[in-house]
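Numbers here are sequence positions counted from 1. Treat the numbers as computed from the prediction; the structure is a model and nothing was measured.
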Amino acid sequence: MPAAADALSEKNKKREFVMKDLLESRKEIDLIDDRIVQLFQRRMDICKDVADFKLSTGKPVLDRKRELDKIADLKTKASNPFYAHGVEELYEQIMAMSRKMQYKLLNEVGINNDIGFDIVPEIEKKDVRVVYQGIEGAYSQQAAAEYFGTQAQFLNVTTFREAMKYVHDGKADYAVLPFENSAAGIVTDVYDLLVEFHNYIVDTFDVKIEHCLCGLPGSTIDDIRDVYSHPQAFMQSNHFIEEHGWGKVNLANTAISARYISEQSDKSRGCIASENAAKIYGLKILHKGINFSATNTTKFIIISRERIARRNAGLICISFEMPHKSGSLYQMLSHIIYNDLNMTSIQSRPIPNQKWEYRFYVEFEGKSYQPGVVNALSGINAEAINMRILGNY
(Lines give C-alpha, C1' and ligand atoms only; values in the text may rest on other atoms or scores of the structure.)
Protein backbone atom coordinates (compact mmCIF):
# COMPACT_ATOMS: atom_id res chain seq x y z
CA MET A 1 0.00 0.00 0.00
CA PRO A 2 2.70 2.55 0.83
CA ALA A 3 4.31 1.88 -2.57
CA ALA A 4 0.98 2.46 -4.32
CA ALA A 5 0.45 5.68 -2.35
CA ASP A 6 3.90 6.95 -3.31
CA ALA A 7 3.19 6.21 -7.00
CA LEU A 8 -0.11 8.12 -6.81
CA SER A 9 1.58 11.06 -5.11
CA GLU A 10 4.27 11.17 -7.80
CA LYS A 11 1.62 11.08 -10.54
CA ASN A 12 -0.25 14.01 -8.95
CA LYS A 13 3.00 16.00 -8.73
CA LYS A 14 3.63 15.46 -12.42
CA ARG A 15 0.05 16.55 -13.25
CA GLU A 16 0.48 19.72 -11.18
CA PHE A 17 3.79 20.44 -12.92
CA VAL A 18 2.19 20.02 -16.38
CA MET A 19 -0.77 22.23 -15.38
CA LYS A 20 1.55 24.91 -14.01
CA ASP A 21 3.63 24.77 -17.17
CA LEU A 22 0.48 25.14 -19.34
CA LEU A 23 -0.76 28.10 -17.31
CA GLU A 24 2.62 29.82 -17.59
CA SER A 25 2.63 29.26 -21.35
CA ARG A 26 -0.86 30.71 -21.66
CA LYS A 27 0.10 33.76 -19.60
CA GLU A 28 3.06 34.34 -21.90
CA ILE A 29 0.83 33.95 -24.99
CA ASP A 30 -1.62 36.47 -23.50
CA LEU A 31 1.18 39.00 -23.06
CA ILE A 32 2.37 38.45 -26.62
CA ASP A 33 -1.20 38.76 -27.97
CA ASP A 34 -1.68 42.06 -26.11
CA ARG A 35 1.50 43.34 -27.71
CA ILE A 36 0.43 42.14 -31.16
CA VAL A 37 -2.89 44.01 -30.84
CA GLN A 38 -1.06 47.20 -29.81
CA LEU A 39 1.34 46.91 -32.73
CA PHE A 40 -1.49 46.12 -35.17
CA GLN A 41 -3.39 49.24 -34.10
CA ARG A 42 -0.24 51.31 -34.39
CA ARG A 43 0.36 49.94 -37.89
CA MET A 44 -3.22 50.74 -38.93
CA ASP A 45 -2.90 54.29 -37.56
CA ILE A 46 0.18 54.81 -39.71
CA CYS A 47 -1.78 53.44 -42.69
CA LYS A 48 -4.13 56.41 -42.26
CA ASP A 49 -1.17 58.64 -43.07
CA VAL A 50 -0.53 56.49 -46.14
CA ALA A 51 -4.17 57.02 -47.21
CA ASP A 52 -3.77 60.79 -46.80
CA PHE A 53 -0.66 60.70 -48.99
CA LYS A 54 -2.41 58.65 -51.67
CA LEU A 55 -5.36 61.03 -51.56
CA SER A 56 -3.08 64.05 -52.11
CA THR A 57 -1.08 62.41 -54.90
CA GLY A 58 -3.81 60.39 -56.60
CA LYS A 59 -1.93 57.12 -56.17
CA PRO A 60 -4.07 53.94 -56.12
CA VAL A 61 -4.65 52.12 -52.84
CA LEU A 62 -3.40 48.80 -54.19
CA ASP A 63 0.34 48.56 -54.88
CA ARG A 64 0.65 44.82 -55.39
CA LYS A 65 4.36 44.88 -56.26
CA ARG A 66 5.16 46.70 -53.03
CA GLU A 67 3.08 44.17 -51.06
CA LEU A 68 4.74 41.15 -52.67
CA ASP A 69 8.23 42.58 -52.17
CA LYS A 70 7.44 43.29 -48.51
CA ILE A 71 6.06 39.80 -47.89
CA ALA A 72 9.05 38.18 -49.61
CA ASP A 73 11.41 40.13 -47.34
CA LEU A 74 9.46 39.21 -44.19
CA LYS A 75 9.49 35.52 -45.10
CA THR A 76 13.29 35.53 -45.12
CA LYS A 77 13.22 36.52 -41.44
CA ALA A 78 11.32 33.35 -40.44
CA SER A 79 13.37 30.50 -38.98
CA ASN A 80 11.83 27.67 -41.02
CA PRO A 81 9.57 27.12 -44.09
CA PHE A 82 6.47 26.44 -41.96
CA TYR A 83 6.83 29.77 -40.16
CA ALA A 84 7.62 31.50 -43.47
CA HIS A 85 4.34 30.29 -44.94
CA GLY A 86 2.54 31.48 -41.81
CA VAL A 87 4.17 34.92 -42.11
CA GLU A 88 2.95 35.11 -45.72
CA GLU A 89 -0.65 34.31 -44.76
CA LEU A 90 -0.55 36.68 -41.78
CA TYR A 91 0.70 39.64 -43.79
CA GLU A 92 -1.66 38.99 -46.68
CA GLN A 93 -4.47 39.51 -44.15
CA ILE A 94 -2.85 42.53 -42.47
CA MET A 95 -2.29 44.23 -45.82
CA ALA A 96 -5.83 43.41 -46.92
CA MET A 97 -7.17 45.05 -43.73
CA SER A 98 -5.02 48.09 -44.44
CA ARG A 99 -6.42 48.42 -47.96
CA LYS A 100 -9.99 48.09 -46.73
CA MET A 101 -9.42 50.88 -44.22
CA GLN A 102 -7.87 53.07 -46.90
CA TYR A 103 -10.84 52.51 -49.24
CA LYS A 104 -13.14 53.49 -46.38
CA LEU A 105 -11.19 56.68 -45.66
CA LEU A 106 -11.13 57.67 -49.33
CA ASN A 107 -14.87 57.08 -49.63
CA GLU A 108 -15.51 59.24 -46.57
CA VAL A 109 -13.87 62.25 -48.23
CA GLY A 110 -15.73 61.76 -51.49
CA ILE A 111 -13.40 59.54 -53.50
CA ASN A 112 -15.25 56.59 -55.12
CA ASN A 113 -18.31 57.19 -52.94
CA ASP A 114 -20.90 56.95 -55.71
CA ILE A 115 -21.43 53.83 -57.82
CA GLY A 116 -23.34 55.82 -60.41
CA PHE A 117 -26.98 54.70 -60.09
CA ASP A 118 -29.86 57.17 -60.31
CA ILE A 119 -32.38 56.48 -57.55
CA VAL A 120 -36.03 56.37 -58.66
CA PRO A 121 -39.18 55.82 -56.58
CA GLU A 122 -40.43 52.94 -58.76
CA ILE A 123 -39.92 51.43 -62.18
CA GLU A 124 -42.05 53.18 -64.80
CA LYS A 125 -44.74 50.79 -66.08
CA LYS A 126 -47.06 53.02 -68.08
CA ASP A 127 -46.61 53.52 -71.83
CA VAL A 128 -43.31 51.63 -71.94
CA ARG A 129 -42.10 49.09 -74.51
CA VAL A 130 -41.40 45.68 -73.01
CA VAL A 131 -39.71 42.83 -74.88
CA TYR A 132 -39.73 39.17 -73.92
CA GLN A 133 -38.35 36.00 -75.50
CA GLY A 134 -40.83 33.53 -76.95
CA ILE A 135 -44.39 33.80 -78.16
CA GLU A 136 -47.77 34.38 -76.59
CA GLY A 137 -48.32 31.83 -73.86
CA ALA A 138 -44.66 31.68 -72.77
CA TYR A 139 -43.88 32.04 -69.09
CA SER A 140 -41.83 35.13 -70.02
CA GLN A 141 -44.95 36.68 -71.55
CA GLN A 142 -46.87 35.83 -68.37
CA ALA A 143 -44.17 37.46 -66.23
CA ALA A 144 -44.08 40.58 -68.43
CA ALA A 145 -47.87 40.97 -68.39
CA GLU A 146 -48.19 40.43 -64.64
CA TYR A 147 -45.33 42.81 -63.80
CA PHE A 148 -46.09 45.70 -66.18
CA GLY A 149 -49.88 45.42 -66.41
CA THR A 150 -52.14 46.44 -69.27
CA GLN A 151 -50.73 49.87 -70.15
CA ALA A 152 -47.40 48.67 -71.53
CA GLN A 153 -46.66 47.77 -75.15
CA PHE A 154 -45.33 44.21 -75.47
CA LEU A 155 -42.89 42.93 -78.08
CA ASN A 156 -41.63 39.40 -78.52
CA VAL A 157 -38.42 38.05 -80.04
CA THR A 158 -36.98 34.61 -80.69
CA THR A 159 -33.85 34.64 -78.51
CA PHE A 160 -32.53 36.06 -75.23
CA ARG A 161 -29.81 37.84 -77.22
CA GLU A 162 -32.40 39.64 -79.36
CA ALA A 163 -34.23 40.79 -76.23
CA MET A 164 -31.00 42.15 -74.72
CA LYS A 165 -30.12 43.89 -77.98
CA TYR A 166 -33.58 45.46 -78.25
CA VAL A 167 -33.02 47.15 -74.90
CA HIS A 168 -29.40 48.05 -75.65
CA ASP A 169 -30.35 49.64 -79.00
CA GLY A 170 -33.34 51.53 -77.61
CA LYS A 171 -36.00 49.49 -79.43
CA ALA A 172 -37.47 48.55 -76.04
CA ASP A 173 -37.40 50.20 -72.64
CA TYR A 174 -37.28 46.94 -70.69
CA ALA A 175 -36.72 43.23 -71.24
CA VAL A 176 -38.13 40.42 -69.10
CA LEU A 177 -35.85 37.39 -69.02
CA PRO A 178 -35.74 34.19 -66.93
CA PHE A 179 -32.81 34.27 -64.52
CA GLU A 180 -33.06 31.27 -62.22
CA ASN A 181 -35.39 28.39 -61.53
CA SER A 182 -35.74 27.00 -58.02
CA ALA A 183 -35.49 23.43 -59.33
CA ALA A 184 -33.30 23.60 -62.45
CA GLY A 185 -30.89 26.37 -61.43
CA ILE A 186 -29.57 29.38 -63.33
CA VAL A 187 -30.28 30.29 -66.95
CA THR A 188 -26.65 30.38 -68.06
CA ASP A 189 -27.19 32.24 -71.35
CA VAL A 190 -28.73 35.21 -69.55
CA TYR A 191 -25.77 35.50 -67.16
CA ASP A 192 -23.37 35.66 -70.10
CA LEU A 193 -25.49 38.23 -71.95
CA LEU A 194 -25.56 40.51 -68.91
CA VAL A 195 -21.81 40.98 -69.30
CA GLU A 196 -21.86 41.25 -73.09
CA PHE A 197 -24.52 43.97 -73.17
CA HIS A 198 -24.30 47.02 -70.95
CA ASN A 199 -27.81 46.70 -69.58
CA TYR A 200 -28.79 46.60 -65.90
CA ILE A 201 -31.08 44.56 -63.68
CA VAL A 202 -33.61 46.94 -62.13
CA ASP A 203 -36.05 44.49 -60.54
CA THR A 204 -37.06 40.83 -60.29
CA PHE A 205 -40.40 39.06 -60.50
CA ASP A 206 -41.25 35.50 -59.47
CA VAL A 207 -43.63 33.27 -61.43
CA LYS A 208 -44.83 29.95 -59.99
CA ILE A 209 -44.25 27.25 -62.57
CA GLU A 210 -46.85 24.53 -63.08
CA HIS A 211 -46.06 22.47 -66.16
CA CYS A 212 -48.84 20.56 -67.85
CA LEU A 213 -48.71 17.66 -70.26
CA CYS A 214 -50.79 18.81 -73.22
CA GLY A 215 -52.07 17.05 -76.34
CA LEU A 216 -54.48 17.46 -79.18
CA PRO A 217 -58.22 17.53 -78.45
CA GLY A 218 -59.53 13.98 -78.17
CA SER A 219 -56.14 12.51 -77.23
CA THR A 220 -55.36 10.63 -74.01
CA ILE A 221 -52.17 10.17 -72.05
CA ASP A 222 -51.92 6.63 -73.45
CA ASP A 223 -51.65 8.04 -76.98
CA ILE A 224 -48.45 9.98 -76.25
CA ARG A 225 -45.14 8.67 -77.60
CA ASP A 226 -43.02 11.83 -77.94
CA VAL A 227 -43.03 15.04 -75.93
CA TYR A 228 -41.88 18.47 -77.14
CA SER A 229 -40.66 21.30 -74.90
CA HIS A 230 -37.81 23.50 -73.72
CA PRO A 231 -34.81 21.74 -72.07
CA GLN A 232 -35.50 23.52 -68.76
CA ALA A 233 -39.06 22.19 -68.75
CA PHE A 234 -37.73 18.68 -69.37
CA MET A 235 -35.31 19.04 -66.46
CA GLN A 236 -38.09 20.22 -64.18
CA SER A 237 -40.41 17.35 -65.24
CA ASN A 238 -37.87 14.59 -65.81
CA HIS A 239 -39.36 12.21 -63.22
CA PHE A 240 -42.74 12.23 -64.94
CA ILE A 241 -41.26 11.88 -68.44
CA GLU A 242 -38.90 9.03 -67.51
CA GLU A 243 -41.69 7.20 -65.69
CA HIS A 244 -43.60 6.96 -68.97
CA GLY A 245 -40.56 6.37 -71.20
CA TRP A 246 -41.49 9.02 -73.77
CA GLY A 247 -39.08 10.44 -76.30
CA LYS A 248 -38.03 14.08 -75.77
CA VAL A 249 -37.69 16.71 -78.51
CA ASN A 250 -36.17 20.08 -77.61
CA LEU A 251 -37.78 23.28 -78.88
CA ALA A 252 -36.92 26.89 -78.10
CA ASN A 253 -39.82 27.61 -75.77
CA THR A 254 -42.72 25.90 -73.95
CA ALA A 255 -45.24 28.09 -75.77
CA ILE A 256 -43.62 27.34 -79.13
CA SER A 257 -43.98 23.67 -78.24
CA ALA A 258 -47.70 24.19 -77.58
CA ARG A 259 -48.16 26.02 -80.88
CA TYR A 260 -46.26 23.31 -82.75
CA ILE A 261 -48.41 20.51 -81.33
CA SER A 262 -51.58 22.46 -82.14
CA GLU A 263 -50.48 22.55 -85.80
CA GLN A 264 -50.02 18.75 -85.96
CA SER A 265 -52.59 16.06 -86.52
CA ASP A 266 -50.65 13.42 -84.60
CA LYS A 267 -52.13 12.40 -81.25
CA SER A 268 -48.91 10.61 -80.33
CA ARG A 269 -47.19 13.97 -79.91
CA GLY A 270 -47.59 15.95 -76.70
CA CYS A 271 -45.89 18.95 -75.15
CA ILE A 272 -44.99 20.43 -71.79
CA ALA A 273 -46.41 23.91 -71.42
CA SER A 274 -48.42 26.11 -69.11
CA GLU A 275 -52.18 25.93 -68.67
CA ASN A 276 -52.37 29.39 -70.24
CA ALA A 277 -50.49 28.21 -73.35
CA ALA A 278 -52.80 25.19 -73.65
CA LYS A 279 -55.84 27.48 -73.66
CA ILE A 280 -54.31 29.87 -76.20
CA TYR A 281 -53.48 27.09 -78.66
CA GLY A 282 -56.57 24.96 -78.09
CA LEU A 283 -54.84 21.96 -76.53
CA LYS A 284 -56.18 19.45 -74.08
CA ILE A 285 -54.50 19.24 -70.67
CA LEU A 286 -53.72 15.58 -70.10
CA HIS A 287 -52.02 16.00 -66.72
CA LYS A 288 -51.43 19.07 -64.54
CA GLY A 289 -48.45 19.77 -62.32
CA ILE A 290 -46.00 17.29 -63.83
CA ASN A 291 -42.96 19.19 -62.56
CA PHE A 292 -41.51 17.33 -59.56
CA SER A 293 -41.41 20.36 -57.23
CA ALA A 294 -44.67 21.85 -55.97
CA THR A 295 -42.77 25.05 -55.12
CA ASN A 296 -41.16 25.33 -58.57
CA THR A 297 -40.64 29.04 -59.23
CA THR A 298 -38.76 30.97 -61.90
CA LYS A 299 -37.20 34.31 -61.05
CA PHE A 300 -37.39 36.75 -63.95
CA ILE A 301 -35.22 39.84 -64.17
CA ILE A 302 -36.36 43.21 -65.48
CA ILE A 303 -33.61 44.70 -67.66
CA SER A 304 -33.08 48.36 -68.55
CA ARG A 305 -30.34 50.21 -70.42
CA GLU A 306 -30.63 52.99 -67.84
CA ARG A 307 -28.44 52.82 -64.74
CA ILE A 308 -31.28 53.18 -62.25
CA ALA A 309 -32.26 51.62 -58.93
CA ARG A 310 -35.49 51.75 -56.96
CA ARG A 311 -35.15 53.46 -53.60
CA ASN A 312 -36.15 50.29 -51.76
CA ALA A 313 -33.93 48.00 -53.86
CA GLY A 314 -32.05 45.65 -51.58
CA LEU A 315 -29.77 43.47 -53.73
CA ILE A 316 -26.58 44.17 -55.70
CA CYS A 317 -25.29 41.90 -58.48
CA ILE A 318 -21.74 42.15 -59.80
CA SER A 319 -19.50 40.17 -62.13
CA PHE A 320 -15.73 40.02 -62.10
CA GLU A 321 -12.69 38.04 -63.15
CA MET A 322 -9.53 37.73 -61.09
CA PRO A 323 -5.93 36.56 -61.14
CA HIS A 324 -5.68 32.79 -61.49
CA LYS A 325 -3.88 32.21 -58.20
CA SER A 326 -4.51 30.72 -54.78
CA GLY A 327 -6.65 32.89 -52.49
CA SER A 328 -7.89 35.31 -55.18
CA LEU A 329 -11.58 34.50 -54.71
CA TYR A 330 -11.26 34.78 -50.94
CA GLN A 331 -9.65 38.21 -51.32
CA MET A 332 -12.55 39.42 -53.47
CA LEU A 333 -15.24 38.06 -51.15
CA SER A 334 -13.44 39.38 -48.07
CA HIS A 335 -14.55 42.90 -49.05
CA ILE A 336 -18.16 41.78 -48.70
CA ILE A 337 -17.46 40.10 -45.36
CA TYR A 338 -15.45 43.03 -43.98
CA ASN A 339 -18.28 45.48 -44.70
CA ASP A 340 -20.88 43.28 -42.95
CA LEU A 341 -22.78 42.50 -46.15
CA ASN A 342 -24.70 39.26 -46.62
CA MET A 343 -23.86 37.34 -49.81
CA THR A 344 -26.96 35.62 -51.20
CA SER A 345 -25.59 33.94 -54.33
CA ILE A 346 -22.36 33.13 -56.16
CA GLN A 347 -22.11 31.57 -59.61
CA SER A 348 -19.24 30.94 -62.01
CA ARG A 349 -19.23 30.75 -65.80
CA PRO A 350 -16.38 29.85 -68.19
CA ILE A 351 -14.84 32.84 -69.96
CA PRO A 352 -15.10 32.33 -73.74
CA ASN A 353 -11.79 31.53 -75.46
CA GLN A 354 -9.91 31.34 -72.14
CA LYS A 355 -9.31 27.74 -71.14
CA TRP A 356 -10.09 26.98 -67.46
CA GLU A 357 -10.68 30.67 -66.69
CA TYR A 358 -13.94 31.70 -65.02
CA ARG A 359 -16.07 34.78 -64.48
CA PHE A 360 -17.85 35.04 -61.14
CA TYR A 361 -21.30 36.46 -60.50
CA VAL A 362 -21.98 37.52 -56.92
CA GLU A 363 -25.21 38.80 -55.42
CA PHE A 364 -25.33 40.39 -51.98
CA GLU A 365 -27.70 42.46 -49.90
CA GLY A 366 -27.29 46.22 -50.02
CA LYS A 367 -28.31 49.55 -51.53
CA SER A 368 -26.28 51.52 -54.06
CA TYR A 369 -25.85 54.50 -51.71
CA GLN A 370 -25.00 52.46 -48.58
CA PRO A 371 -21.42 53.22 -47.33
CA GLY A 372 -20.58 49.55 -46.75
CA VAL A 373 -21.67 48.70 -50.30
CA VAL A 374 -19.57 51.53 -51.74
CA ASN A 375 -16.56 50.40 -49.69
CA ALA A 376 -16.92 46.77 -50.80
CA LEU A 377 -17.35 47.67 -54.46
CA SER A 378 -14.39 50.07 -54.34
CA GLY A 379 -12.16 47.31 -53.00
CA ILE A 380 -13.34 44.65 -55.44
CA ASN A 381 -13.10 47.05 -58.39
CA ALA A 382 -9.52 47.94 -57.50
CA GLU A 383 -8.36 44.35 -57.07
CA ALA A 384 -10.45 42.32 -59.52
CA ILE A 385 -10.33 42.19 -63.31
CA ASN A 386 -13.22 43.59 -65.37
CA MET A 387 -15.62 44.13 -62.50
CA ARG A 388 -19.10 45.26 -63.56
CA ILE A 389 -22.10 46.23 -61.48
CA LEU A 390 -24.99 44.41 -63.14
CA GLY A 391 -27.74 45.98 -61.10
CA ASN A 392 -29.23 47.15 -57.83
CA TYR A 393 -32.73 45.69 -57.58
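Contact annotation: the side chain of L90 never approaches that of V87 to less than 4.5 Å [non-hydrogen atoms, C-beta and beyond]. Side chains of Y260 and C271 form no contact here, defined as non-hydrogen atoms less than 4.5 Å apart. You'll find the side chain of F240 stays beyond 4.5 Å of the side chain of H211, heavy atoms only. Put simply, the side chain of W246 reaches to within 4.5 Å of the side chain of L213, judged on heavy atoms. In this structure the side chain of I123 reaches within 4.5 angstrom of the side chain of Y174, judged on heavy atoms. Within the 4.5 Å cutoff, the side chain of V373 has heavy atoms near those of the L341 side chain.
Side-chain atoms of Y166 and R129 form no donor-acceptor pair, as typed in the model, at a separation below 3.5 Å. With hydrogens and angles left out, the side-chain atoms of E243 and H239 include no donor and acceptor closer than 3.5 Å. Y281 and R259 share no side-chain donor-acceptor pair at under 3.5 Å. Looking only at atom types and distance, the side chain of N276 has no donor-acceptor partner in the side chain of S274 under 3.5 Å away.
A salt bridge is absent between E210 and K288: the closest approach of a Lys/Arg side-chain nitrogen to an acidic carboxylate oxygen does not fall below 4.0 angstrom. The pair E67-K70 does not count as a salt bridge, with every side-chain nitrogen at least 4.0 angstrom from each carboxylate oxygen. A salt bridge is absent between R26 and D30: the closest approach of a Lys/Arg side-chain nitrogen to an acidic carboxylate oxygen does not fall below 4.0 angstrom. Electrostatic pairing of D52 and K48 does not count as a salt bridge here, judged by no charged N lying under 4.0 Å from a carboxylate O. Here E89 does not pair with K75 in a salt bridge; the nearest charged N to carboxylate O distance is not below 4.0 Å. Remark: D45 does not engage R42 in a salt bridge, criterion side-chain N to carboxylate O under 4.0 Å.
The aromatic ring centroids of Y147 and F300 lie 6.0 Å or more from each other.
Panel note: side chain D223, backbone K267; no donor-acceptor pair is recorded below 3.5 Å.
Note on V249 and L283: same hydrophobic cluster, where clusters join Ile, Leu, Val, Met, Phe, Trp and Tyr whose side-chain heavy atoms are under 4.5 Å apart, directly or indirectly.
Taking the six-membered ring where the residue is Trp, Y200 and F117 present perpendicular rings, their angle passing 60° and hence far from 30°.
A side chain to side chain contact (heavy atoms under 4.5 Å, CB included) with I351 is found for one member of R349, K355, Q354 and no other, namely Q354.
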